[in-house]
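Quick caveat: nothing in here was measured; it's all calculated off a predicted structure. Proteins come first, then strands; the chains are lettered A, B, ... in the order of their sequence lines, and each starts at number 1.
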Number of protein chains: 2
Amino acid sequence: MTSSTPRQGARKPVRSAKQKRAKATVEVIIEAATRILSDQGWDALNTNTIARRAGVSVGSLYEYFPNKQAILDVILDRHLSKGDALIAQGAKDVQAGATTAQDVVDLLVSGFVRLHSDDPKLHRALSADVPLSKAQHRRVEAVRERIIDLTAAALADKVSAPAMKATLLVDTADALTHKWLIDDVGTPVSAETLAQELKTMLGLYALA
Amino acid sequence: MTSSTPRQGARKPVRSAKQKRAKATVEVIIEAATRILSDQGWDALNTNTIARRAGVSVGSLYEYFPNKQAILDVILDRHLSKGDALIAQGAKDVQAGATTAQDVVDLLVSGFVRLHSDDPKLHRALSADVPLSKAQHRRVEAVRERIIDLTAAALADKVSAPAMKATLLVDTADALTHKWLIDDVGTPVSAETLAQELKTMLGLYALA
DNA sequence: AAGTATATTGAATAATTACTCGGATTTTCT
DNA sequence: AGAAAATCCGAGTAATTATTCAATATACTT
């Protein structure tokens, strides 16, 4: 399992799907690629397979995407957008009903559980299989920082050293829920129990 | 960026390096592959490049390795062995001088910091770039479980629910030190400060 | 030194796969 | 309907790269 062949040449003037038929084609391509990625993983993802599974020809694929990477960009973009929506919702929840630091922690952990419960197979492929570009890493990193900042703000009037605490809280909540829900490490106890325990641990720390 | 081509055919009776000249060849191949991996990443790693960098021919490479994957297996194996050694040392340290749960936590975090400080570029390539096989994942998972068990044992007479606590402690210590030392997420504070904070957080939890 | 086992070589092979292009088909417009 | 624009097709091209093999060279043994 390894690397392929990005043949970057003189760009073809990629069409931009004006008719609805074309929009449907674009959509079906993205869906096929997403399905392949989550069902069979990165190694099984190639342009010919995507086209076949989408029921279109490779030619059509290259009519709307300059290269294979561009398809992946869209998939990642949509995935991260879903994450963004969850974050926005979380921020709202915090503002609405988080009176204590423990409340903030609980919402944070619950948020990450939700984030990692949605389409876990795709999530897994995206985070473990697919080699992300520098720009894509930056995008992911930006999301992380946004969550940290929001958390720090929520904690600002409740605890000491909110910025540092927010970093640990977010990184821990993310890493552990990811590990338990996405990677299948064999945990002897359920994910719910672990999430509860995680809230306890982080709550203790937040209040310290 | 992607996947290559594992051409698995009828095994050739891979030679097993009887003369010292041959042993040196095997060694130089492994070293070249390791260097390429940590300097240029998984995408740059191919058998022709490995051979050139090692100063031998591809033919020689295939004399001692049935396929490309086998080279990677050796690299991962050696890397994990170093980890095993660190764990053994850590277990000894705990037995020698850990009287409180906080002592155990401190040693655990310090151990992970050490683990992730050694050859971080290789570590990074191995954990982020290289697609591991099922068997390799199992091997990594086994190391994790061993650390958890050792930690649980060390905590057994010191805290309540040592098994569950050990899981959280180990997964957290691993994930966060990895994130800070291996991935280069832009942290505003130093890795040492973060490690200290991590010890605080985990100590609070262990004692709870 | 001759003979045999072990090592090394690298050009050639073959499989994979990103991407192109000339032409066919369908939709839109007048 | 007829023309033009948009879309679609898929066999073919080219680049990459894992792997083989027949020939050559070096090291051991007697």
Would you call [X] and [Y] a salt bridge, taking side-chain N to carboxylate O under 4.0 Å as the test?
{"X": "E27(B)", "Y": "R78(B)", "result": "yes"}
{"X": "D39(A)", "Y": "R53(A)", "result": "yes"}
{"X": "R144(A)", "Y": "D174(A)", "result": "no"}

* Phosphate oxygens OP1/OP2 of dT19(D): is one of them under 4.0 Å from a side-chain N or O of Y62(B)? -> yes

* Asked: Side-chain N or O of S60(A) less than 4.0 angstrom from OP1 or OP2 on dC9(D)?
  -> yes

[X] [atom1] - [N] [atom2] separation (whole Å):
{"X": "K18(B)", "N": "dT29(D)", "atom1": "NZ", "atom2": "C1'", "result": "15 Å"}
{"X": "K68(A)", "N": "dT16(D)", "atom1": "NZ", "atom2": "P", "result": "15 Å"}
{"X": "I36(A)", "N": "dT17(C)", "atom1": "CD1", "atom2": "P", "result": "12 Å"}
{"X": "L61(B)", "N": "dT17(D)", "atom1": "CG", "atom2": "P", "result": "15 Å"}
{"X": "N67(B)", "N": "dA18(D)", "atom1": "CG", "atom2": "C1'", "result": "9 Å"}
{"X": "K23(A)", "N": "dT7(D)", "atom1": "NZ", "atom2": "P", "result": "9 Å"}
{"X": "N48(A)", "N": "dC9(D)", "atom1": "CG", "atom2": "P", "result": "14 Å"}
{"X": "I50(A)", "N": "dC19(C)", "atom1": "CD1", "atom2": "P", "result": "11 Å"}

* What is the minimum heavy-atom distance between P162(A) and A152(A), and which atoms define it? -> CB-O, 3.8 Å

Please classify the nucleic acid contact of [X] as base, sugar-phosphate, or nothing, using heavy-atom distances under 4.0 Å.
{"X": "T25(A)", "result": "sugar-phosphate"}
{"X": "N46(B)", "result": "sugar-phosphate"}
{"X": "A51(A)", "result": "nothing"}

Could you list all N or O pairs between the protein and nucleotides 22-28 of chain D that sit under 3.5 Å apart?
none

* Do other residues, nucleotides or ligands put more than 12 heavy atoms under 6.0 Å from E145(A) CD? -> yes

* To do: Check whether more than 12 heavy atoms from other residues, nucleotides or ligands sit under 6.0 Å from atom CD of E141(B), and answer yes or no.
  => yes

* To do: Output the single nucleotide from dT20(C), dT9(C), dC8(D) whose closest atom is nearest the side chain of S57(B).
  => dT9(C)

* Of all the nucleotides listed (dC8(D), dT8(C), dT19(D)), which has the minimum atom distance to the side chain of T47(B)? -> dT19(D)

* Asked: the helix from dA1(C)-dT30(D) to dT30(C)-dA1(D): angle between its terminal axes, five pairs each, to 10°?
  -> 0°

Measuring only between side-chain heavy atoms, which start at C-beta, is [X] closer than 4.5 Å to [Y]?
{"X": "W42(B)", "Y": "L126(B)", "result": "no"}
{"X": "F65(B)", "Y": "I30(B)", "result": "yes"}
{"X": "H137(B)", "Y": "K134(B)", "result": "no"}

* Say whether K199(A) and S110(A), considering side chains only, have a donor N or O and an acceptor N or O under 3.5 Å apart. => yes

* Asked: Closer to the 5' end of DNA chain C via nearest nucleotide, is it V58(B) or Y64(B)?
  -> Y64(B)

